[in-house]
Chemist: 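One structure follows; several queries about it will come next.
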Amino acid sequence: MIAVFIFYIHIVAAATIFTKRWQEAGLGEGFLAVGFILLIFSVGWSVTTFILKLFIEKEGLAVWLDRDTLSLVLLTIAEIMFYYIYIVQKKK
């Protein structure tokens with residue numbers, strides 16, 4: 001259930017970023033922003049899964065918090081920090 005919620009957050013974020021970039025700079029920029037989000041998500045998920053394989057067993061910490069869900073949570077936290085820094089520095 002946590003994984004579904006995280007995927008939902010990413011879908012809503014991609015739709016929001018697409019709409020914002022489409023209105024500001026055009027359709028191509030909207031698709032480029034979504035492609036960037038997909039790239040960060042796919043590479044980040046692979047990296048966090050690799051890192052957590054070194055420290056946590058496949059079963060994870062609980063039935064509802066296995067290693068895959070933990071990697072998605074870690075990825076989401078890292079993405080929030082990355083996008084926050086990216087947006088704040090872009091506005092300055």
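Bear in mind that the values here come from a model prediction, so they are computed numbers and not experimental data.
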Chemist: Which atom names give the shortest non-hydrogen contact between L70 and I56, and what distance separates them?
Modeler: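 Closest approach of L70 to I56, heavy atoms only: CD1-CD1, 3.6 Å.
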Chemist: Run through the side-chain heavy atoms of Ile, Leu, Val, Met, Phe, Trp and Tyr, join any pair under 4.5 Å, and report what else lands in F82's cluster.
Modeler: I17, F36, I37, I40, Y83
Chemist: Could you give the distance from OG (S46) to CD1 (I51), rounded to the nearest 0.5 Å?
Modeler: 11.0 Å
Chemist: Do you know the tightest heavy-atom contact between W45 and D68?
Modeler: NE1-O, 4.2 Å
Chemist: With a 4.5 Å cut-off on side-chain heavy-atom distances among I, L, V, M, F, W and Y, is there a chain of contacts connecting L39 to F7?
Modeler: yes
Chemist: For the CG atom of L27 and the CG atom of L32, what is their distance to the nearest 0.5 Å?
Modeler: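 One finds 11.5 Å between CG of L27 and CG of L32.
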Chemist: Hey, any chance I9 and F18 share a hydrophobic cluster, counting ILVMFWY side chains that come within less than 4.5 Å of each other, even indirectly?
Modeler: no
Chemist: With a 4.5 Å limit on heavy-atom distance, are the side chains of R67 and K53 in contact?
Modeler: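 With C-beta onward as the side chain, the pair touches.
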Chemist: Do you reckon V43 sits in the same ILVMFWY cluster as V73, going by side-chain contacts under 4.5 Å, direct or chained?
Modeler: yes
Chemist: When you group the ILVMFWY residues by side-chain heavy-atom contacts below 4.5 Å and let the links chain together, are L75 and F55 in the same group?
Modeler: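 F55 clusters together with L75.
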Chemist: How far does CD1 of I6 sit from CD1 of I11, to the nearest 0.5 angstrom?
Modeler: 12.5 Å
Chemist: Salt bridge (charged side-chain N to carboxylate O under 4.0 Å, His left out) with R21: which residues, sequence neighbours excluded?
Modeler: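 Partners of R21 under the salt bridge (charged side-chain N to carboxylate O under 4.0 Å, His left out) test: E24, E29.
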Chemist: Is there a path of hydrophobic side-chain contacts, each under 4.5 Å between heavy atoms of I, L, V, M, F, W or Y residues, that connects I77 with L65?
Modeler: yes
Chemist: Could you give the distance from CG (D66) to OG1 (T69), rounded to the nearest 0.5 Å?
Modeler: 4.0 Å
Chemist: Please find the pair of heavy atoms, one from F41 and one from E79, that lie closest to each other, and give the distance.
Modeler: CA-OE2, 3.6 Å
Chemist: Return yes if some donor-acceptor pair links the side-chain N/O of S71 with the main-chain N/O of T49 below 3.5 Å, else return no.
Modeler: no
Chemist: On a heavy-atom basis, which atom in T76 and which in H10 lie closest, and how many Å separate them?
Modeler: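 Between these two residues, the closest heavy atoms are OG1-CE1, 3.6 Å.
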